[in-house]
Amino acid sequence: MITKTINHIYQGTTPYFVGDGFRVSNYIPGVNNYAGNELSPFILLDYNEPHKFAPSLQRRGVGEHPHRGFETVSIAYEGEVEHRDSTGAGGIIRAGEVQWMTAAGGLMHEEFQSENFTRNGGVQHFIQLWVNLPAKNKMDKPHYQALTREMIKEFKLDDNGSVARIIAGNFKGVNGAASTYTPIEMYDLRLNKNSDITFEIPFNHNAMMLVTKGEVTINNSEKSKHKDFIVFNNDGETIHLNANADSMVFFISGEPINESIARYGPFVMNTKAEIMQAMEDINSGTFGVIS
Ligand code: MN
């Protein structure tokens with residue numbers, strides 16, 4: 001097996017607020033402006049590093065907004081976010097859980113800190129990732145996968161409690177909880193100090209990872225610490241990680257979708273005409289309303 005080498009390591013933008021409830025650094029498009037197929041199928045990644053919110057009477061978050069043409073995946077490490085949308089669906093995303101929302105043809109939704117979190121305050125630690133859809137699925141009916149802690153299976157990496165939580169794909173025979181439109185691997189790696197792991201990813205996948213805690217050495221050479229984002233080359237299959245401290249790594253890879261991209265705000269389509277259509281549909285109310 002050939003080692004997947006590192007293409008480059010970078011950090012997110014200066015943190016800013018999305019609405020008043022998410023303090024994020026943006027990594028995709030990020031400082032390199034990867035706004036096309038560079039990291040396909042991943043088209044946006046916002047990282048809300050651990051941030052403490054004081055108790056409040058007023059719920060913080062992002063009000064009603066649309067999405068069309070892709071999926072939003074919310075990964076909760078700490079905190080509680082409640083969502084509601086125009087399909088009538090809603091729920092709370094808690095620590096250790098993942099919400100995989102296929103916006104596809106379009107919906108309106110809102111994302112706010114839960115009642116409970118608002119009242120008590122606390123630390124929020126979150127990722128939001130946008131996954132592109134192939135043209136043939138962009139106008140599918142919207143739906144959700146609410147992945148609970150029980151649904152996300154773990155692969156035991158050593159006897160010290162290090163685990164890989166398999167959100168999507170397959171890790172050494174353990175299947176991921178999410179079903180995906182195109183081949184995707186997504187792991188929440190929880191590594192204790194000195195944990196030493198090796199895993200394989202298909203050669204043709206775009207592969208990348210965000211260090212969400214601690215520090216790891218990659219392929220026995222490059223050290224990466226909390227908030228570093230690592231993009232691998234499509235030149236091998238094996239990735240080796242060694243934890244220099246108790247660490248967490250959010251690893252993602254996927255088969256690139258080689259189709260044209262037209263993006264505007266919350267719409268990611270294939271052509272400019274489809275973007276215009278999305279705006280028309282918003283104006284004529286076909287995205288629905290949150291009731
Ligand atoms: Mn949203």
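Both counts, for ligands and for their atoms, begin at 1 and track the order of listing. Because the structure is a prediction, the values reported are computed rather than measured. Numbering starts at 1 and runs along the sequence shown.
Listed by chain and number, the residues in a side-chain contact (heavy atoms from CB on, under 4.5 Å) with Ala104 are Thr102, Leu133, Asp140 (sequence neighbours excluded).
In this structure, Glu154 does not pair ionically with Arg190, as no charged nitrogen and carboxylate oxygen lie closer than 4.0 Å.
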Exercise. Would His109 and His65 satisfy side chain to side chain donor-acceptor pair (under 3.5 Å), going step by step from the backbone distance to the final call?
Worked result: CA-CA 6 Å; His109 80 156; His65 61 280; 3.0 Å; yes

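A pairwise comparison of heavy atoms in Ile290 and Ser86 identifies CG1-N, 4.0 Å as the closest pair.
Defined by atom type and a distance below 3.5 Å, a donor-acceptor pair is present between the side-chain atoms of Asn234 and Asn206.
Note on the Mn ion (ligand 1): protein N/O/S atoms under 2.8 Å are His65 NE2, His67 NE2, His109 NE2, Glu111 OE1.
The side chain to side chain contact (heavy atoms under 4.5 Å, CB included) test with Met208 is passed by exactly one of Leu45, Asn7, Leu39: Leu39.
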